[in-house]
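Below: one structure, written as structure tokens.
The chain is numbered in sequence order, starting from 1. The figures here come from the full heavy-atom set of this structure, side chains too, leaving out hydrogens, waters and symmetry mates.
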Amino acid sequence: MSRLPRRPYARFYALLSKEDRVAFFKKAFKLMGVSHSTFYYKAKHGNIYPSEAVKIKEVLIEYGCTKEELLSMGVME
């Protein structure tokens with residue numbers, strides 16, 4: 001069994017089902033304004049900037065991101 005990533009965004013993305021990852025990508029990709037490869041790099045390594053997390057906050061919440069995870073990603077409410 002593989003270890004879960006430490007960083008909150010990478011852990012959140014790793015726990016999504018394959019179908020949810022595809023749907024999440026389709027919604028979040030356009031909002032973040034990054035290339036495909038950059039999106040997947042950020043998802044794997046969890047190095048999302050707080051400004052990017054704010055842009056996709058609603059999508060993160062839609063896919064089950066908790067308030068604690070949002071705060072650890074730098075999204076202040």
Side-chain angles (χ1 to χ4, degrees):
M1 189 163 105
S2 64
R3 285 181 35 197
L4 283 176
R6 281 193 209 170
R7 293 191 172 181
Y9 180 65
R11 185 174 46 248
F12 165 79
Y13 192 77
L15 291 173
L16 291 175
S17 68
K18 183 166 176 98
E19 294 82 20
D20 285 344
R21 284 185 196 160
V22 171
F24 178 80
F25 168 78
K26 288 180 181 178
K27 291 181 179 182
F29 171 73
K30 294 176 185 175
L31 296 173
M32 286 177 70
V34 296
S35 67
H36 285 172
S37 58
T38 301
F39 180 88
Y40 288 116
Y41 182 87
K42 288 178 177 288
K44 182 177 180 182
H45 298 284
N47 61 342
I48 188 171
Y49 295 116
S51 61
E52 293 170 330
V54 168
K55 289 179 185 176
I56 62 170
K57 176 183 171 184
E58 297 302 320
V59 181
L60 288 166
I61 292 170
E62 180 181 339
Y63 285 91
C65 191
T66 64
K67 187 174 184 176
E68 291 80 21
E69 289 173 319
L70 286 172
L71 288 172
S72 63
M73 289 181 213
V75 178
M76 302 296 171
E77 294 190 85

key: Presence of salt bridge, Lys27 and Glu58, under 4.0 angstrom   = no
ask   = Under a single-linkage definition using a 4.5 Å side-chain heavy-atom cutoff for Ile, Leu, Val, Met, Phe, Trp and Tyr, are Ile61 and Leu31 assigned to the same hydrophobic cluster?
value = yes
request  = Describe, in one word, how the ring planes of Phe25 and His36 are oriented to each other, choosing from parallel (under 30°), tilted (30 to 60°) and perpendicular (over 60°).
outcome  = perpendicular
Distance (rounded to the nearest 0.5 Å) between Glu69 CD and Arg7 CZ = 15.0 Å
request  = Mind checking the CG-CD spacing from Leu70 to Glu68? Nearest 0.5 Å is all I need.
outcome  = 9.0 Å
ask   = Which distance, rounded to the nearest 0.5 Å, do you find between the CE of Met73 and the NZ of Lys57?
value = 12.0 Å
ask   = How about His45 and Tyr41: do any of their side-chain heavy atoms sit closer than 4.5 Å?
value = yes
Spatial distance of atom CE (Met32) from atom OG (Ser51) [nearest 0.5 Å] = 9.0 Å
request  = Search all heavy atoms of Ala14 against all heavy atoms of Pro5 and return the closest pair with its distance.
outcome  = CB-CD, 4.0 Å
key: Distance in Å, Tyr9 OH paired with Glu52 CD, rounded so as to fall on 0.5 Å steps   = 8.5 Å
ask   = Should Leu60 and Phe24 count as side-chain neighbours, where that means a heavy-atom distance under 4.5 Å?
value = yes
note = To the nearest 0.5 Å, atom CD1 of Ile48 lies from atom NZ of Lys55 at 10.0 Å
key: 4.5 Å side-chain heavy-atom contact, Tyr13 and Lys42   = no
